[in-house]
Amino acid sequence: MNKQTILVTGGAGYIGSHACVELLQAGFEVVVVDNLANSKLESLDRVRQITGQNVRFYQADIRDKSALTAVFNQHDIHTVIHFAGLKAVGESCQQPLHYYHNNVYGTLVLLEVMAEANIKQLVFSSSATVYGESDSPQYSEHFPLGPINPYGRSKAMIEDILRDLAAADSINQSSSPWKMALLRYFNPIGAHESGLIGEDPNGIPNNLMPYVSQVAIGKLPRVSIFGDDYPTRDGTGVRDYIHVVDLVKGHIKAIDTLQGDAFRQGGCKAYNLGVGRGCSVLEIINTFEKVTGRKVPYNISPRRAGDLAECYANPELALKELQWQAEKNLEAMVADAWRWQSMNPDGYVR
Ligand code: NAD
Ligand code: WQD
């Protein structure tokens, strides 16, 4: 049987490069479209080192319709995994038009090209950030949406567009309906166990795990813990940290599910990808010190605007319908993040 070809938008990025490894190892052909706005091509060289296989790479912006159409003409694409997007919350508040143009308009162009090529199977990178306020810290897919920043709203808008597409199929009784999985990631951390690929933030990291890693290696003096007076077990913020390799395995399960009976008539469904357990900032720092033997100095700073006290996934739907659950524990996440950081103190250099 011929190998199925998966188009991975944003495939040179943090999660995308890990997805390339898992897809190649699962026997798929992989085509990557990335404009390298937030990544380096070296990540894909490393994917080759890990797997012994090549991806086909196109340096292109998903907003460039003719470039994208050419890729669809060149390859027999079976499914698209759509990671391409900008993801910095603070930057999205400063440059909302840039974020909406890149994320929302970029996705519209991708969907138009897919529709024209009659390729209608999509796995989309959504985020737990789409959820609104809730009485429970454990979020299920049916909880109301209500993102509070332009980045989150760009994800929620894309989710709406995808649901509208699926709804239009049922009105039109389309013979080749859209089949779409919206994967709402909680907090992906860690790296491939080889230490060859990982998260390579530009400048000073916004997110906790890369920040802690850079303190441990001596590039930054200390972690500022944003608040120790939350109503949580130790007063610091609680999140659902998930190993990036577990996360990308969820995408392969989603591809399988989209091809199965549950999506025979098409559809668009959201799934949480999280461990289902919360972990505090102090627990992250303590585990990091224990696993690596490095000191991680910290101080307590004021709360960061927009942060929730506690947020973790109810991952039951993904277990039931995708047959997926996270397997790696916090120690493995930290050990793998540290291996990547210590083998690549300056990230990718090319
Ligand atoms: P990343 O920045 O490492 O990867 C995104 C990739 O998309 C980059 O390689 C970038 O160059 C590329 N890209 C951006 N805009 C593009 C465009 N217009 N055309 C072509 N390529 C473009 O980020 P990541 O952490 O790997 O995130 C992947 C996806 O998952 C993003 O959509 C992000 O919003 C989503 N997500 C990430 C997290 C997280 O914490 N990392 C959590 C939830 C959701
Ligand atoms: C985790 C915890 C902070 C940094 C963000 C985005 C979200 C999603 C994932 C894409 C919080 C605390 C952090 C620091 C700290 N991305 N912290 N000191 O905020 O849960 O989610 O990334 O979709 O949209 O908002 O992740 O890693 O920034 O923070 O004390 O220097 O660590 O307050 O409790 P967050 P994070």
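Bear in mind the structure is a predicted one, so any value in this text is a computation, not a measurement. Counting starts at 1 for both ligands and their atoms, following the listed order. Throughout, residue positions are numbered sequentially from 1 according to the sequence presented.
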query: Thr51 side chain to Gln25 main-chain N or O, any donor-acceptor pair under 3.5 Å?
result: no
message: Would Ile252 and Leu23 count as a side-chain contact (heavy atoms from CB on, under 4.5 Å) here? Give the steps.
response: CA-CA 7 Å; Ile252 293 181; Leu23 286 164; 3.9 Å; yes
message: In this structure, does ligand 1 have an atom that sits under 4.0 Å from one of the heavy atoms of Ser17?
response: no
query: Any N or O of Val89 that comes nearer than 3.5 Å to an N or O of ligand 2?
result: no
query: Hey, is ligand 1 close enough to Ile15 that some N/O pair sits below 3.5 Å?
result: yes
message: Tell me the protein heavy atom at minimum distance from atom 8 (C) of ligand 1, and give that distance in Å.
response: Asp34 OD2, 3.5 Å
message: Less than 4.0 angstrom from a charged side-chain N to a carboxylate O is my criterion; do Glu141 and Arg184 meet it?
response: no
- prompt: So, are Arg304 and Asp307 salt-bridged, with charged N and O less than 4.0 Å apart?
  reply: yes
message: Using a 4.0 Å heavy-atom cut-off, which part of Leu208 comes near ligand 2: side chain, backbone, both, or neither?
response: both
query: Is there a nitrogen or oxygen of Ser127 sitting under 3.5 Å from a nitrogen or oxygen of ligand 1?
result: no
message: So that I can tick it off, tell me whether Arg277 and Glu310 are bridged by a salt bridge, with the cut-off set at under 4.0 angstrom between side-chain N and carboxylate O.
response: no
message: Tell me the contacting part of Asn187 for ligand 1: side chain, backbone, both, or neither, using a 4.0 Å heavy-atom threshold, strictly below.
response: neither
- request: Distance to 0.1 Å, residue and atom name: give those for the protein heavy atom nearest to atom 13 (N) of ligand 1.
  value: Asn35 OD1, 3.4 Å
Heteroatom proximity flag, Val33 to ligand 1, N/O under 3.5 Å: no
field: Proximity to ligand 2 by part of Arg304, non-hydrogen separation under 4.0 Å
entry: side chain
- prompt: Just by distance, do the side chain of Lys155 and the backbone of Ser125 share a donor-acceptor pair under 3.5 Å?
  reply: yes
message: Does ligand 1 come near enough to Tyr185 that some N or O of the ligand is less than 3.5 Å from an N or O of the residue?
response: no
message: Regarding atom 41 (N) of ligand 1: of the candidates Lys87, His101, Met209, which has the closest heavy atom?
response: Lys87
- request: Provide, to 0.1 Å, the distance between atom 40 (O) of ligand 1 and the closest protein heavy atom, together with that atom's residue and name.
  value: Pro188 CD, 3.4 Å
- request: Would you confirm whether Asn272, through its side chain, and Asn314, through its main-chain N or O, come within 3.5 Å as a donor-acceptor pair?
  value: yes
query: When you look for heavy atoms under 4.0 Å from ligand 2, do you find them on the side chain of Cys311, its backbone, both, or neither?
result: neither
query: Would Ser126 count as a contact of ligand 1 if the rule is a heavy atom under 4.0 Å away?
result: yes
task: Verify the neighbour count for atom NZ of Lys219: are there more than 12 heavy atoms of other residues, nucleotides or ligands below 6.0 Å?
output: yes
message: Tell me whether Asp169 contacts the main-chain N or O of Ser174 through its side chain, where contact means a donor paired with an acceptor under 3.5 Å.
response: no
message: Is it the case that ligand 1 has an N or O less than 3.5 angstrom from some N or O of Ile62?
response: yes
Protein heavy atom at shortest distance from atom 12 (C) of ligand 2: Val281 CG2, 3.7 Å
field: Under-4.0 Å salt bridge between Asp256 and Lys253
entry: no
Check: Trp338 main-chain N/O paired with Ser213 side-chain donor or acceptor under 3.5 Å: no
message: Tell me whether Tyr151 reaches ligand 2 (any heavy atom closer than 4.0 angstrom to a ligand atom).
response: yes
field: Nearest non-hydrogen protein atom, atom 35 (P) of ligand 2
entry: Asn187 ND2, 3.6 Å
- prompt: To which protein heavy atom is atom 15 (N) of ligand 1 closest, and what is the distance rounded to 0.1 Å?
  reply: Asn102 ND2, 3.1 Å
query: Of the listed options (Val223, Asn207, Ile204), which comes nearest to atom 22 (O) of ligand 2 when hydrogens are ignored and any heavy atom counts?
result: Asn207
- prompt: Name the one of Tyr271, Tyr131, Tyr312 that satisfies ring-ring contact (aromatic ring centres under 6.0 Å, His included) with Tyr139?
  reply: Tyr131
field: Gap between atom CD of Glu42 and atom CG of Asn344 - 0.5 Å precision
entry: 7.5 Å
- prompt: For ligand 2, which atoms sit closer than 4.0 Å to a heavy atom of Tyr241?
  reply: 1 (C), 2 (C), 32 (O)
- prompt: Counting heavy atoms only, which of Gly13, Ala12, Gly85, Ser92 comes nearest to atom 14 (C) of ligand 1?
  reply: Gly85
query: Taking the non-hydrogen atoms of Arg239, is any one of them nearer than 4.0 angstrom to ligand 2?
result: yes
